[in-house]
Protein chains: 2
Amino acid sequence: MNKKLAVVALGGNALLRGNEKGTIEEQNRNSEETLVNLIYLIKEGYNLVISHGNGPQVGNILMRNDAGFEKYDIAPMPLDICVADSQGGIAYMIERTLKNILKQHGIEKNVISIITQVVVDKNDTAFQNPTKRVGKIYTKAQADELAQGKGWIFKQNTKDSDGWRRVVPSPKPIEIMNQKIIENLVREGNIVIASGGGGIPVYYDQNGMIQPLEAVIDKDSASSLLASNIKADEFYILTDVPFVYADYNKPTQRILEFLDAADTKKYLAEGTFGEGNMSPKIIAALNFVENGGGKSVITEAKKLEDRSVGTRITLNY
Amino acid sequence: MNKKLAVVALGGNALLRGNEKGTIEEQNRNSEETLVNLIYLIKEGYNLVISHGNGPQVGNILMRNDAGFEKYDIAPMPLDICVADSQGGIAYMIERTLKNILKQHGIEKNVISIITQVVVDKNDTAFQNPTKRVGKIYTKAQADELAQGKGWIFKQNTKDSDGWRRVVPSPKPIEIMNQKIIENLVREGNIVIASGGGGIPVYYDQNGMIQPLEAVIDKDSASSLLASNIKADEFYILTDVPFVYADYNKPTQRILEFLDAADTKKYLAEGTFGEGNMSPKIIAALNFVENGGGKSVITEAKKLEDRSVGTRITLNY
């Protein structure tokens with residue numbers, strides 16, 4: 001019964017894609033297309049924790065909050081509640097879809113979705129430098145008013161735009177609540193969905209009370225911490241490319257199939273992975289193997305069938 | 001270690017009250033005022049499952065859905081996703097608040113929130129007669145358009161109003177998903193939050209696949225089923241009155257302190273509990289004791305301190 005334990009982090013767009021409207025029909029189809037690939041791991045006997053992003057979903061929830069307040073004067077909810085809402089909706093969709101896929105494959109397994117708070121340090125330097133853009137695009141005048149009224153911080157959306165967007169801090173996760181429960185459930189053979197959207201950001205105040213925070217934790221970073229803490233053997237980050245590339249979109253672009261920790265750090269320092277959103281994934285993958293994990297894999301969901309595809313990061317070759 | 005197991009169902013307005021705006025500050029305060037009373041049960045050694053309503057919250061989520069679609073063309077989510085969202089947000093608020101209350105009382109206990117699907121019969125007669133009003137008030141013209149476009153059903157809001165509201169079926173719950181996991185977790189001494197808002201309504205299609213439904217399951221009915229299935233000893237329905245009354249608001253009004261199953265059924269048949277929302281609670285309480293539960297209690301949260309307050313329903317005197 002000493003099965004391998006893997007944490008699989010699904011990108012936010014595994015369910016809701018940027019080039020789509022995000023209707024429920026699209027989300028259901030995307031979920032199924034992504035999740036069916038987990039069967040390869042399950043059939044090999046892995047125990048699985050599934051985490052997921054929530055970027056497009058929580059963005060929509062924030063926009064609806066604004067619209068509901070403006071149109072019907074419905075009290076808007078703070079970001080921590082919006083993240084919790086998105087955990088509920090997304091986990092349900094994953095749970096239902098995956099249960100059906102399991103049934104189609106004749107596999108009997110529970111799928112359990114746990115709402116997850118993630119503790120950060122209130123003095124994390126990220127709070128001095130909020131970087132994560134969330135919610136709707138405002139005019140300068142609206143942004144100034146909200147900045148004054150609510151203390152929100154805004155950044156110009158792009159260089160050539162008049163739009164302003166709220167930015168929130170993205171602090172480092174330091175504790176996954178209920179991680180022991182998650183570990184117990186998964187080691188008993190259940191599939192557990194947890195730490196969605198990077199987790200609901202909270203901190204401990206001077207009295208040890210849990211307090212909410214308006215922040216967005218990087219989901220790969222939170223998933224990496226969870227994977228380390230529950231002593232997972234492998235950590236999968238599923239994204240929209242089959243491999244990590246060096247010099248992506250340059251003439252020197254090349255596939256990176258195997259990386260050890262030393263090379264990974266060297267490439268990170270040299271900027272080999274580019275400016276995009278690949279670096280945080282690689283750091284999360286690296287942290288996992290440096291904290292005792294066996295192997296991190298960055299690839300596309302549909303490449304899980306062929307286990308020789310994907311960028312595999314290990315401590316040493 | 002043979003502790004008593006209780007299921008406690010919180011009313012939707014335990015957290016968000018009808019006479020308030022529903023700001024996060026109000027919801028936090030209400031949550032704390034309600035949940036602090038659970039300490040009396042916890043200190044007596046009860047293991048607890050907490051369920052909760054979601055009426056005001058899911059109503060707000062639906063209204064925001066409408067506003068977000070009208071204002072920003074954001075794809076609206078179906079009712080099952082809205083219920084799942086509300087489970088996430090509400091469970092998080094309960095979990096965080098209760099963890100803090102436990103800490104203040106020096107009690108070490110995990111609090112775990114499980115997203116819960118609840119299976120109903122797609123041929124439930126409730127689907128022929130939708131009764132539960134949800135979401136915003138529309139004009140007749142808007143309602144007609146939505147009825148045609150989406151197949152929604154509308155009823156006039158009140159006799160003397162031009163408003164029309166969508167009505168959805170309220171089918172009987174027949175299976176609580178993951179109930180064995182919930183039972184195991186609570187019998188290990190963890191507090192479990194589950195089956196929020198009556199659960200996310202789903203059914204099994206002819207191939208055994210889980211399919212979503214646009215419905216709202218009565219939360220007391222779902223909580224009663226959960227309590228029976230996990231063999232709880234006691235079932236508490238917390239509402240806004242200390243007792244159930246016979247002939248409520250009539251000159252003959254009187255407190256009902258103890259009820260056996262036979263009297264409860266007689267009073268239900270005679271309409272003694274009135275037309276309001278007390279009857280579904282009493283039916284849920286009755287079902288629990290008829291299905292083997294020891295005792296159902298209907299009372300206010302703040303009356304839990306004095307365990308001789310509240311209407312107590314047992315199979316026999």
Side-chain angles (χ1 to χ4, degrees), chain A residues 21-24 26-27 60-61 63-78 80-93 95-97 99-100 103-104 110-117 136 177-178 180-181 185 190 193 196 200 202 207-212, chain B residues 21-24 26-27 60-61 63-78 80-93 95-97 99-100 103-104 110-117 136 177-178 180-181 185 190 193 196 200 202 207-212:
Chain A
K21 288 283 287 179
T23 65
I24 191 62
E26 289 167 340
Q27 292 196 49
N60 283 350
I61 290 173
M63 296 280 281
R64 292 190 190 108
N65 247 286
D66 278 312
F69 176 62
E70 289 167 27
K71 202 168 165 97
Y72 302 122
D73 200 29
I74 298 170
M77 290 296 103
D80 55 311
I81 298 280
C82 296
V83 171
D85 282 7
S86 79
Q87 282 190 353
I90 298 171
Y92 152 62
M93 194 182 311
E95 180 179 318
R96 175 168 51 77
T97 307
K99 278 293 280 186
N100 288 343
K103 174 128 192 169
Q104 286 160 348
N110 299 311
V111 184
I112 303 151
S113 305
I114 310 263
I115 295 297
T116 316
Q117 300 178 64
K136 67 170 278 197
M177 284 205 189
N178 289 322
K180 191 64 201 162
I181 300 285
L185 287 170
N190 306 295
I193 302 165
I200 306 161
V202 296
N207 301 315
M209 296 294 113
I210 309 164
Q211 302 290 356
Chain B
K21 288 283 286 181
T23 64
I24 190 63
E26 288 167 339
Q27 292 197 50
N60 283 350
I61 290 172
M63 296 279 281
R64 292 191 190 108
N65 248 285
D66 278 312
F69 176 62
E70 289 167 26
K71 203 166 163 100
Y72 301 123
D73 200 28
I74 299 171
M77 290 295 104
D80 56 310
I81 298 280
C82 296
V83 171
D85 282 6
S86 79
Q87 283 191 353
I90 298 171
Y92 152 62
M93 195 183 309
E95 179 178 319
R96 175 167 52 78
T97 306
K99 277 294 281 185
N100 288 343
K103 175 127 192 171
Q104 285 160 348
N110 300 311
V111 185
I112 304 151
S113 305
I114 309 265
I115 295 297
T116 315
Q117 300 178 64
K136 69 169 279 198
M177 283 204 191
N178 289 323
K180 191 63 200 164
I181 299 285
L185 288 170
N190 306 295
I193 302 166
I200 306 161
V202 295
N207 301 316
M209 297 293 112
I210 309 165
Q211 301 290 356

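Each chain gets a letter, A, B and so on, in the order the sequences are listed, and its residues count up from 1.
- Of the inter-residue distances, the one linking A/Met93 atom CE with B/Ile81 atom CD1 reads 3.5 Å to the nearest 0.5 angstrom.
- Proximity of a side-chain donor or acceptor of B/Asn100 to a complementary backbone N or O of A/Met209 within less than 3.5 Å is not detected.
- Of the two parts of B/Asp80, the backbone and the side chain both hold a non-hydrogen atom closer than 4.5 Å to a non-hydrogen atom of chain A.
- Proximity to chain A (any heavy atom under 4.5 Å) is restricted, for B/Gln27, to the side chain, taken from C-beta onward.
- Heavy atoms closer than 4.5 Å to chain A are found in both the backbone and the side chain of B/Lys21.
- Contact tally against chain B (heavy-atom pairs below 4.5 Å) for A/Ala67, A/Gly68, A/Ser86, A/Gly22: the top residue is A/Ala67.
- Side-chain contact between B/Leu185 and B/Ile114: present, with at least one pair of heavy atoms (C-beta onward) separated by less than 4.5 Å.
- Under the 4.5 Å side-chain criterion, counting only non-hydrogen atoms from C-beta, A/Met77 is not in contact with A/Asp85.
- At a 4.5 Å heavy-atom cutoff, the contact between A/Asn65 and chain B is made by backbone and side-chain atoms alike.
- Residue contact with chain B, scored on non-hydrogen atoms closer than 4.5 Å, involves the side chain of A/Ile200 exclusively.
- Looking at A/Ile181, only its side chain comes within 4.5 Å of chain B, counting heavy atoms on both sides.
- For a residue to count as touching a neighbouring chain, one of its non-hydrogen atoms must lie under 4.5 Å from one of that chain's; by this rule A/Asp73 touches chain B with backbone and side chain alike.
- Within the 4.5 angstrom heavy-atom criterion, only side-chain atoms of B/Glu70, from C-beta onward, approach chain A.
- At a 4.5 Å heavy-atom cutoff, B/Ile193 makes no contact with chain A through either its backbone or its side chain.
- Between chain B and the residues A/Ile90, A/Asn110, A/Ile112, the most heavy-atom pairs under 4.5 angstrom are made by A/Ile112.
- Between the side chain of B/Gln87 and the main chain of A/Gly88, no donor-acceptor pair closer than 3.5 Å is present.
- Legend: residues meeting salt bridge (Lys or Arg N to Asp or Glu O under 4.0 Å) with A/Lys103, ordered by chain and number and at least two apart, are absent.
- How far CG of B/Asn178 is from CD1 of B/Ile115: 11.0 Å, rounded to the nearest 0.5 Å.
- In terms of heavy-atom pairs under 4.5 angstrom with chain A, the leader among B/Ala91, B/Pro212, B/Cys82 is B/Pro212.
- Between B/Val202 and B/Met177 there is a side-chain heavy-atom pair separated by less than 4.5 Å.
- A/Gln117 approaches A/Ile210 most closely through the heavy-atom pair OE1-CG2, 3.6 Å.
- Only the backbone of B/Val111 comes within less than 4.5 Å of a heavy atom in chain A; its side chain stays farther off.
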